[in-house]
Amino acid sequence: MRDGLRRSGVPAPRNANVRRVMLAQRSRDTAPELALRRALHALSFRYRVDLPLPGLRRRRSDLAFVRWRTVVFVQGCFWHACPEHLHTPVHNGEWWQEKLEGNVRRDTDTDAHLVQLGWVPLRIWEHETVDAAVSKVLETLARRGHPRALRILSGVD
């Protein structure tokens with residue numbers, strides 16, 4: 001955001017470099033998300049990308065298997081407060097802690113809402129390997145009865 005146009009309550013960045021880095025953060029098509037999408041596509045899975053979540057304004061899934069009512073979120077360790085890798089910034093630390101806790105609360109709220117609607121939310125951390133992430137997706141889809149996932153996991157495919 002240009003100087004003077006910051007949102008209310010958001011502290012000023014420490015310097016121009018920090019500002020540039022924060023502005024460059026992607027909300028979709030991140031490297032871990034693209035790697036997972038490529039791997040699933042190579043296994044002939046088809047999915048929706050950046051699908052709005054039912055009943056939740058301004059919240060979207062990274063991948064959605066609509067027929068199987070399964071959504072996948074590929075979470076960044078910083079933005080979603082990964083228990084293994086979280087390091088709260090020192091500069092404006094109190095604001096950042098509150099911000100990250102709010103993100104975690106929103107994730108929990110989103111999961112509860114989706115479960116209530118009969119959907120399965122699946123959260124994958126950016127530090128997980130692509131193979132581990134694909135395995136999680138396959139297992140979840142197989143539990144939902146997805147025939148391709150069932151064939152792959154049974155070793156037929």
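From a predicted model like this one, the values you see are computed outputs, not experimental measurements.
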For the rings on F78 and W96, is their centre-to-centre separation under 6.0 Å?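 They qualify: ring centres under 6.0 Å apart.
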Student check: side-chain heavy atoms of [X] and [Y] closer than 4.5 Å:
X    : Y    : answer
L51  : V71  : no
V120 : L114 : no
I124 : K136 : yes
L138 : V134 : yes

R28 bridged to D62 by N-O distance under 4.0 Å: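 No, no charged N to carboxylate O under 4.0 Å.
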Check the pair L63, R37 against side-chain contact (heavy atoms from CB on, under 4.5 Å), reporting the backbone distance first and the verdict last. CA-CA 8 Å; L63 303 173; R37 285 173 23 197; 3.1 Å; yes
SG of C77 to CD of E84: how many Å apart, nearest 0.5 Å?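 So the SG of C77 and the CD of E84 are separated by 7.5 Å.
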How long is the span from the CG atom in L122 to the OG1 atom in T70, to the nearest 0.5 Å?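 Between atom CG of L122 and atom OG1 of T70 there are 8.0 Å.
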Passes side-chain contact (heavy atoms from CB on, under 4.5 Å), F65 versus V72? Steps please. CA-CA 8 Å; F65 298 88; V72 179; 4.1 Å; yes
Is it true that a side-chain atom of [X] and a backbone atom of [Y] form a donor plus acceptor pair closer than 3.5 Å?
X    : Y    : value
R123 : F73  : no
R144 : W68  : yes
R69  : L117 : yes
E126 : Q75  : no
E33  : D29  : yes
N103 : W79  : yes
E128 : W125 : yes

Side-chain heavy atoms nearer than 4.5 Å, only ILVMFWY residues, links allowed to pass through others: does that put [X] and [Y] together?
X    : Y    : answer
L40  : V49  : yes
V66  : V115 : no
V130 : L34  : no
V104 : L86  : no

S61 and D50: CA distance, side-chain angles, deciding distance, side-chain contact (heavy atoms from CB on, under 4.5 Å) verdict: CA-CA 5 Å; S61 66; D50 198 38; over 6 Å; no
Smallest separation among heavy atoms of A133 and L36, with atom names: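 Residues A133 and L36, closest heavy atoms: CB-CD1, 3.9 Å.
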Nearest non-hydrogen partners of A142 and A149, listed with the distance: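 Looking at all heavy atoms of both residues, the shortest contact is N-CB, 3.7 Å.
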Just wondering, more than 12 heavy atoms not from E98 lying within 6.0 Å of its CD?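 12 or below, so no.
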Under 6.0 Å from the CZ atom of R46, do we count more than 12 heavy atoms belonging to anything else shown?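 Atom CZ in R46 is crowded, with more than 12 foreign heavy atoms closer than 6.0 Å.
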For W119 and H113, run side-chain contact (heavy atoms from CB on, under 4.5 Å): C-alpha distance rounded to whole Å, both residues' side-chain angles, the deciding distance at 0.1 Å, then the answer. CA-CA 9 Å; W119 288 71; H113 180 78; over 6 Å; no
Over 60° means perpendicular and under 30° means parallel, so classify the ring planes of F45 and H146, tilted if in between.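 If you compare the ring of H146 with that of F45, the planes turn out tilted.
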